[in-house]
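Only a predicted model underlies this, so the values are computations on that prediction, with no experimental measurement involved.
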There are 2 protein chains.
Amino acid sequence: MHGISLDRYDLAILSVLQKNSALTNSELGERVSLSPSQCSRRKARLEAEGVIKGYSARLDANSLGFGLRAITRVNLKAHGESMDDDFVTLLTKHAMVREAYSVSGDADYVLHVIAKDLTEFSDFIHHHLLPHPNVTQVRSEIILRSMKEEQGLPMPK
Amino acid sequence: MHGISLDRYDLAILSVLQKNSALTNSELGERVSLSPSQCSRRKARLEAEGVIKGYSARLDANSLGFGLRAITRVNLKAHGESMDDDFVTLLTKHAMVREAYSVSGDADYVLHVIAKDLTEFSDFIHHHLLPHPNVTQVRSEIILRSMKEEQGLPMPK
DNA sequence: CCAAATAGCGCACAGCTTGTGCGCAACTGG
DNA sequence: CCAGTTGCGCACAAGCTGTGCGCTATTTGG
């Protein structure tokens, strides 16, 4: 899962498609100095290799009525295999939890939570997260403003 | 920026496109029970309204050689308008900083940082973040495992 | 309560895009 | 030095996109 070699054309294509995947192969070709047909072939290859995992529409959170986002750190009581599984199930079940990471540091898990408003967020914390038998501590930072939000990855080298 | 009314077809289209924006209007139409032409029109409208902000390729971090991700909390000394600006410039300049949020809570900013490895990450923290005159404290949680990583948003109602 | 206006639909079609076959040129290894 | 391989652009068939059109259902206004 690591032995794929990407030349400068591949990196250029990935960089452009990451910002805008709705471009035609002609437009893409112009930007990376390659013919449309070759763009098509390289795109197909990058998809097959798994470098491109898929294509998504980026949606506007406010238009959909989500006004609140937060970074929530969670500490657990025990760290047995099955203990965590039960907690992970909780995370998976709730659509409000957009990202959940097992981390090394002060906390055990870090979540990125999205909600309609503070009430909905508070409900989630107090009625679902804190009552869980394995949760010992929950600390949240409410997002006030997004300074930077790059979708995707930087280009290496 | 909030008065847009979306019917069930719009929500269905958004939900599908968020998962896979490479579908043709025919395929999209099948899934949401609408003709291709109508899908095309609604898509165009949702783009114009700003509900769809754009289209992106999802890339594989490992293929590009990024093995380390972290959530980093930063505290600043002063909170003047211009003080923050200078710090924000630092964040914008570094491609390693993928997301940066101004937050309310224990910290002032929360960052989502991506790096090749621990060395590169440590370099960033010690040679760029901590030396900044306005930074007073930096605390990081290294991501061990991603339990959930929804790209995009849940569908309301 | 009914008529006019509006909004939203599918169909048809012109123009454009996609992806493959092909021939060519540039490297690669024996 | 030469056969094999790789990667390129061109050309073209198949398929997709987006707009004009006519139709129907819903809304508006008198």
Side-chain angles (χ1 to χ4, degrees), chain A residues 1-60 62-65 151-153 155-157, chain B residues 1-60 62-65 151-153 155-157:
Chain A
M1 197 181 277
H2 210 282
I4 299 162
S5 77
L6 304 168
D7 65 16
R8 70 199 172 91
Y9 288 115
D10 289 327
L11 293 177
I13 288 170
L14 293 172
S15 174
V16 171
L17 288 182
Q18 185 170 237
K19 289 192 207 92
N20 183 3
S21 67
L23 294 172
T24 65
N25 286 326
S26 309
E27 293 166 319
L28 179 57
E30 269 174 39
R31 288 172 211 218
V32 304
S33 308
L34 222 52
S35 70
S37 59
Q38 210 51 21
C39 287
S40 173
R41 274 188 272 249
R42 278 176 181 263
K43 238 173 105 171
R45 199 197 68 227
L46 291 166
E47 288 164 16
E49 287 173 343
V51 181
I52 295 176
K53 295 199 286 188
Y55 301 92
S56 308
R58 298 191 303 274
L59 307 185
D60 180 53
N62 285 328
S63 299
L64 290 168
Q151 51 277 354
L153 307 166
M155 283 303 120
K157 207 161 89 339
Chain B
M1 196 179 280
H2 211 282
I4 298 161
S5 78
L6 304 169
D7 66 16
R8 69 200 173 89
Y9 288 116
D10 289 328
L11 293 177
I13 287 170
L14 293 173
S15 174
V16 171
L17 288 182
Q18 184 169 239
K19 289 193 207 91
N20 182 4
S21 67
L23 294 172
T24 66
N25 286 324
S26 309
E27 292 166 319
L28 179 57
E30 269 175 39
R31 288 172 210 218
V32 304
S33 307
L34 222 51
S35 68
S37 60
Q38 210 52 22
C39 287
S40 173
R41 274 189 271 252
R42 278 176 181 264
K43 238 173 104 171
R45 200 196 70 228
L46 292 167
E47 288 164 15
E49 288 173 343
V51 181
I52 296 176
K53 294 199 286 186
Y55 301 93
S56 308
R58 296 192 304 275
L59 308 185
D60 180 51
N62 285 328
S63 299
L64 290 169
Q151 51 277 352
L153 307 166
M155 283 303 120
K157 232 197 359 9

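The side chain of B:T24 has D:dT17 as its nearest neighbour among C:dG10, D:dT17, D:dA11.
Nearer to the 5' terminus of DNA chain C, by closest-nucleotide assignment, is the contact made by A:E27 (compared with the other of A:E27 and A:R41). When the nearest nucleotides of DNA chain D are assigned to A:C39 and B:P36 by heavy-atom distance, the more 5′-ward of the two goes with A:C39.
Whole-Å rounding puts the B:L34 CG to C:dA7 C1' distance at 14 Å. As a whole-Å value, the separation of A:I13 CD1 from D:dC8 C1' is 13 Å. The interatomic distance linking A:Q38 (CD) with C:dT20 (C1') rounds to 12 Å, in whole Å. Taking atom CZ on B:R8 and atom P on C:dC9, their separation rounds to 10 Å, with Å as the unit. Between the C1' atom of D:dC16 and the CD atom of B:E30 lies a distance of 14 Å, rounded to the nearest Å. D:dT17 atom P lies 11 Å from atom OH of B:Y55, rounded to whole Å. A straight line from CG of A:L23 to P of C:dT17 spans 11 Å, rounded to a whole angstrom. Here the C1' atom of nucleotide D:dC8 and the CG atom of A:D10 are 14 Å apart, to the nearest Å.
Annotation: side chain of A:I13 is not in contact with side chain of A:R31 (no heavy-atom distance under 4.5 Å). Annotation: side chain of B:V32 is not in contact with side chain of B:R42 (no heavy-atom distance under 4.5 Å). At least one side-chain heavy atom of B:L46 sits under 4.5 Å from a side-chain heavy atom of B:L6.
Not one side-chain nitrogen or oxygen of A:N25 sits closer than 4.0 Å to the OP1 or OP2 atom of C:dT17. The shortest distance between the side-chain N/O atoms of B:R42 and the OP1/OP2 oxygens of C:dG8 is not below 4.0 Å.
Here the side chain of A:E27 pairs a donor or acceptor atom with the backbone of A:T24 at under 3.5 angstrom.
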Subject >> Derivation and outcome, side chain to side chain contact (heavy atoms under 4.5 Å, CB included), residues A:E47 and A:K43 >> reply: CA-CA 6 Å; A:E47 288 164 16; A:K43 238 173 105 171; 4.2 Å; yes

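Contact annotation for A:S40: base contact, defined as any heavy-atom pair under 4.0 Å involving a base atom.
Below the 3.5 angstrom threshold, one finds no donor paired with an acceptor across the side chain of A:S26 and the base of C:dC16.
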